[in-house]
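Working notes, structure below.
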Amino acid sequence: MPELPEVEVVRAGLEPAAVGAVITGVSVFDERALTRHVPGASDFVARLEGRSFTATSRRGKFLWLPLDDGDSALIAHLGMSGQMLLRAPDATAERHERVRIGIEHPVHGELAIVFADQRTFGSLAVDALVADGPSRVPTQVRHIARDPLDAAFDDRAFRAALSRRRSAIKRVLLDQSLISGIGNIYADESLWAARIHPETSADALSTRAVHRLLAEVRLVLTRALAEGGTSFDAQYVNVNGQAGYFARHLHAYGRAGQPCERCGGPIRREPFMNRSSFFCPRCQRVKPAAD
DNA sequence: CCCCCTGCCTGCGGGC
DNA sequence: TGCCCGCAGGCAGGGG
């Protein structure tokens, strides 16, 4: 599923092909892929054709490519099953192809950026860039917090925010307005690594436990990125259609009933926010470990 | 502000 | 074999 590492793999894959490329044509096959672009398909197309991409950027699970008008960007959110694929300009349609953006790159020549999405939770848009401190972000990204791999992420402010929250720590990790880029998989993996029960009240975590958790979040995300992300099925692939390899390194997520690799006890699966939490009830206690 | 809930979608696999 | 249903889950928006 596309969380921070997967979106970053896609961003990095688009970068060499997209930056400096001119948009030669845009085809919208399914308007549901433009739910984030309120003015509709014809406006979307008009704002892209003839423009060039000047960069690629990402915050949390949002990625965007600024345009050469200097004031707008193509933004993409992959939802659960969105894919951004680089294809030959005449490549046959993908199974769930929603949008195709033809580009001409000064070095790589003609290419197509294909947005395919089985469950249509993802979408594209052209959005205005607005100031956000020293940087500029699309308006739709303004409310998204910096992610834990961002140098400007404020650990102290995060800890202070946790101390004011009584929600379960896992729920807080999934709140993109507080810390972005973490989804169900990496929340479970980080909590397992930090030995924190997902239902622990955020305000019950010691300063030490918060630091441990942040360190594990960063380790998990960094390792997953190095492995090209987590792929369970065909839903997550990079821009060349290849799966990532981090699934083989998961310690908790998807391992219900299998032995915890730390203590040997069985990993438990529990319903959580209309999905599941995977954790080790023996080494992840509701009370944070006193260390 | 904080918290909680719902709607948005499709494909797959298990159960009968 | 074929049907039904549960499940996967990020995010926006609205109500309390």
Side-chain angles (χ1 to χ4, degrees), chain A residues 1-8 10-11 29-38 58-64 75-84 93-99 115-125 127 137-145 147-148 157-158 160-191 198-204 217 221 224 229-237 243-244 247 250 252-257 269-278:
Chain A
M1 302 301 147
E3 303 179 30
L4 187 156
E6 293 77 28
V7 178
E8 175 58 20
V10 171
R11 185 206 62 77
F29 305 113
D30 189 334
E31 293 229 20
R32 291 176 301 176
L34 300 180
T35 51
R36 282 179 173 76
H37 192 87
V38 177
R58 181 190 57 74
R59 180 178 288 185
K61 305 172 196 174
F62 276 88
L63 83 91
W64 67 94
I75 68 172
H77 195 290
L78 302 180
M80 286 184 62
S81 55
Q83 305 175 340
M84 295 285 264
E94 293 295 320
R95 186 149 155 71
H96 300 288
E97 183 164 337
R98 312 290 184 195
V99 177
F115 179 69
D117 188 10
Q118 179 204 103
R119 294 172 208 170
T120 69
F121 279 22
S123 69
L124 306 179
D127 195 13
V137 299
T139 61
Q140 296 186 36
V141 179
R142 216 170 359 181
H143 70 290
I144 301 294
D147 62 62
F158 180 68
L162 291 196
S163 72
R164 295 189 296 266
R165 300 262 184 148
R166 289 188 176 182
S167 298
I169 183 60
K170 179 170 173 182
R171 177 186 279 275
V172 174
L173 285 179
L174 296 174
D175 182 345
Q176 305 296 302
S177 68
L178 218 56
I179 182 170
S180 70
I182 302 169
N184 208 33
I185 297 173
Y186 298 117
D188 282 358
E189 290 302 302
S190 302
L191 290 167
E199 296 289 351
T200 307
S201 180
D203 65 359
V217 164
L221 295 177
T230 302
S231 300
F232 288 110
D233 46 29
Q235 293 315 326
Y236 165 68
V237 292
L250 296 176
Y253 186 86
R255 298 192 68 250
R269 171 189 187 155
E270 272 186 12
F272 178 86
M273 292 172 70
N274 294 324
R275 58 199 77 172
S276 298
S277 278
F278 298 89

(request) Starting at atom CZ of A:Arg32, determine the distance to atom P of B:dC8, rounded to an integer number of angstrom. (result) 12 Å
(request) Both distances under 3.5 Å, Watson-Crick or G-U wobble: report the partner of C:dG16, or none. (result) B:dC2
(request) To the nearest Å, give me how far apart CE (A:Met273) and P (C:dG10) are. (result) 9 Å
(request) Look through every strand shown and name the nucleotide pairing with C:dC7 as Watson-Crick or G-U wobble, where both distances are under 3.5 Å. (result) B:dG11
(request) Report the distance from atom CG of A:Leu162 to atom P of B:dC3, rounded to the nearest whole Å. (result) 11 Å
(request) Identify which nucleotide among B:dG11, B:dC8, C:dC11 has an atom closest to any side-chain atom of A:His96, counting heavy atoms from C-beta outward. (result) B:dG11
(message) Distance check needed: B:dC5 C1' versus A:Arg275 CZ, whole Å only.
(response) 12 Å
(message) Mind checking if A:Ser81 touches a base, just sugar-phosphate, or nothing, with heavy atoms under 4.0 Å?
(response) nothing
(message) So does A:Arg119 get a backbone contact from the side chain of A:Ser81, meaning a donor-acceptor N/O pair under 3.5 Å?
(response) yes
(request) Among the candidates C:dA12, B:dC9, B:dC4, find the nucleotide nearest to the side-chain atoms of A:His143. (result) C:dA12
(message) Please tell me whether A:Glu3 and A:Tyr236 have a donor and an acceptor in their side chains that are separated by less than 3.5 angstrom.
(response) no
(message) What I want to check is whether the side chains of A:Ser123 and A:Arg36 have a donor and an acceptor closer together than 3.5 Å.
(response) yes
(request) Among B:dC3, C:dA8, B:dC8, find the nucleotide with the atom closest to the side chain of A:Phe121. (result) B:dC8
(request) Report yes or no: does A:Gln176 contribute a side-chain atom to a donor-acceptor pair with the main-chain N or O of A:Gly60 at less than 3.5 Å? (result) no
(request) Could you tell me whether the side chain of A:Arg255 and the main chain of A:Gly257 form a donor-acceptor pair under 3.5 Å? (result) no
(request) Please determine, for the side chain of A:Arg165, which listed nucleotide (C:dA8, C:dC11, B:dC3) has the closest atom? (result) B:dC3
(message) Between C1' on C:dG10 and CD1 on A:Ile185, what's the gap in Å once rounded to a whole number?
(response) 12 Å
(message) Looking only at the side chain of A:Thr120 (C-beta and beyond, no hydrogens), which of the listed nucleotides B:dC9, B:dC2, C:dC11 gets closest?
(response) B:dC9
(message) Using OP1 and OP2 only, check whether a side-chain N or O of A:His77 sits under 4.0 Å from C:dC11.
(response) yes
(request) Would you kindly compare A:Gln176 and A:Arg269 by the position of their nearest DNA chain C nucleotide and give the one closer to the 5′ end? (result) A:Arg269
(request) Would you kindly give the CZ-to-P distance between A:Arg119 and C:dC11, to the nearest whole Å? (result) 15 Å
(request) Round to the nearest Å and state the distance from A:Asp175 atom CG to B:dC1 atom P. (result) 12 Å
(request) Scan A:Phe62 against the nucleic acid and name what it touches under 4.0 Å (heavy atoms): base, sugar-phosphate only, or nothing. (result) sugar-phosphate
(request) Measure from CG on A:Asp117 to P on B:dT10 and round the result to the nearest Å. (result) 10 Å
(message) Can you identify which nucleotide, out of B:dG11, B:dC9, B:dC4, has its nearest atom closest to the A:Arg95 side chain?
(response) B:dG11
